[in-house]
2 protein chains.
Amino acid sequence: MESRIGRMCIERGLKMTGQRRVIARVLSEAQDHPDVEELYRRAATLDSRISVATVYRTVRLLEEKGILERRDFGGGRARYEATEEGDHYHLIDVETGKVIEFEDEEHAELIRRIARDLGFDLVSHRLELFARKRPAETKEAPPATPTARTGSRSKR
Amino acid sequence: MESRIGRMCIERGLKMTGQRRVIARVLSEAQDHPDVEELYRRAATLDSRISVATVYRTVRLLEEKGILERRDFGGGRARYEATEEGDHYHLIDVETGKVIEFEDEEHAELIRRIARDLGFDLVSHRLELFARKRPAETKEAPPATPTARTGSRSKR
DNA sequence: ATAGCTGCAAAAACTTTGCGCCCTC
DNA sequence: GAGGGCGCAAAGTTTTTGCAGCTAT
């Protein structure tokens with residue numbers, strides 16, 4: 001009955017209003033990285049009594065509580081996704097704008113080491129790759145590597 | 001007589017107005033990552049006939065020409081730095097907001113490999129670490145590692 | 001009961017743009 | 001001289017906020 005993010009709100013003692021429940025549900029079900037406008041659109045579909053201002057206030061609150069993470073993929077507006085265990089990164093297809101998520105333990109380790117070497121403790125970090133799909137091979141068979149699907153997670 | 005970035009503008013056939021020359025000089029001399037407001041302040045000191053609109057137009061133009069790179073370190077406003085050879089990254093001190101630059105060839109290689117494994121050719125990328133200065137050791141001597149200075153470059 | 005949310009609309013913060021004059025090539 | 005750049009101010013975007021009423025705890 002309560003969405004995953006809704007439960008996290010309750011755990012942290014947030015007051016659960018109707019609006020908040022709806023926004024939490026939209027966020028829990030999102031497989032992508034919606035901006036505020038898009039969140040508002042989806043939330044308004046479920047309950048038209050929601051205003052954009054509330055969406056702004058809510059994502060801000062949830063970000064402060066560590067439930068959400070704000071992303072910047074270029075294009076001016078902030079985009080959001082639920083905080084998950086384990087770091088993951090984003091590859092943005094510069095042709096289509098599609099975002100592919102992936103994990104990489106080697107990378108996670110490397111940057112912890114870099115921060116330590118500079119005399120810091122890592123608080124958080126971000127990595128975004130902007131890339132272009134490599135044209136398929138003409139002579140060899142197409143690459144066998146299973147391509148990560150948008151919204152899913154590619155483990156390495 | 002002409003600043004480094006001024007020369008790059010000329011190479012690319014840009015018309016060199018007085019304002020552009022001043023902005024190019026400010027950018028050439030910047031050791032940090034100023035936002036538009038700060039660039040405007042510095043430029044206006046050298047020549048008060050400059051408007052913010054021109055600064056916006058100029059950084060946009062120079063970014064399109066590949067002379068400048070736009071950064072987002074959180075805090076809402078875009079920040080700029082001259083494009084340089086070789087990738088480098090940023091560590092932002094979450095307490096002070098200071099930005100430390102560093103290079104890391106191992107990291108550069110790793111992400112090229114990641115992009116390739118996902119079936120893409122890397123176009124560009126970004127990495128930002130948010131970290132907190134590690135408290136000095138109480139028993140041992142302070143860490144001998146030479147800490148990178150703000151604005152300079154720490155090679156690894 | 002009451003601290004905290006909400007909608008609405010105004011405003012703030014950042015960036016772009018239309019227009020007529022001016023300058024560089 | 002001609003195409004492009006400039007200042008100014010107006011407008012566009014995205015996000016925040018004041019206020020009066022409403023609600024979850």
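In what follows, chains are A, B, ... by sequence order, proteins preceding strands, each numbered from 1.
If you find the closest nucleotide of DNA chain C to B:Glu37 and to A:Gln19, the one lying nearer the 5' end belongs to A:Gln19.
Atom OH of A:Tyr40 and atom C1' of D:dT14 are 15 Å apart (whole Å). Taking atom CZ of residue A:Arg77 and atom C1' of nucleotide C:dT15, one finds them 14 Å apart after rounding to whole Å. With rounding to whole Å, A:Glu38 atom CD is found 16 Å from D:dT14 atom C1'. Residue B:Leu61 contributes atom CG, which lies 16 Å from atom C1' of C:dT15 at whole-angstrom precision. At whole-Å resolution of the value, CD1 in B:Ile50 and P in D:dC8 are 12 Å apart.
Aromatic pair B:His90/B:Phe73: ring centres closer than 6.0 Å.
Counting only heavy atoms from C-beta outward, the side chains of B:Phe120 and A:Arg134 never approach each other to under 4.5 Å. With a 4.5 Å cut-off on side-chain heavy atoms, B:His107 and A:Leu127 count as touching.
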What does the B/S/- profile of nucleotides 16-25 of chain D look like, 5' to 3', with a 4.0 Å heavy-atom cutoff to protein? BBB----BBS
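Remark: B:Lys65 does not engage B:Glu11 in a salt bridge, criterion side-chain N to carboxylate O under 4.0 Å.
A donor-acceptor pair shorter than 3.5 Å cannot be found between the side chains of B:His125 and A:Tyr89.
The side chain of B:Ser51 lies closest to D:dC8 when the candidates are D:dG5, D:dC8, D:dT14.
The environment of A:Arg25 atom CZ is sparse: at most 12 non-hydrogen atoms of other residues, nucleotides or ligands sit within 6.0 angstrom.
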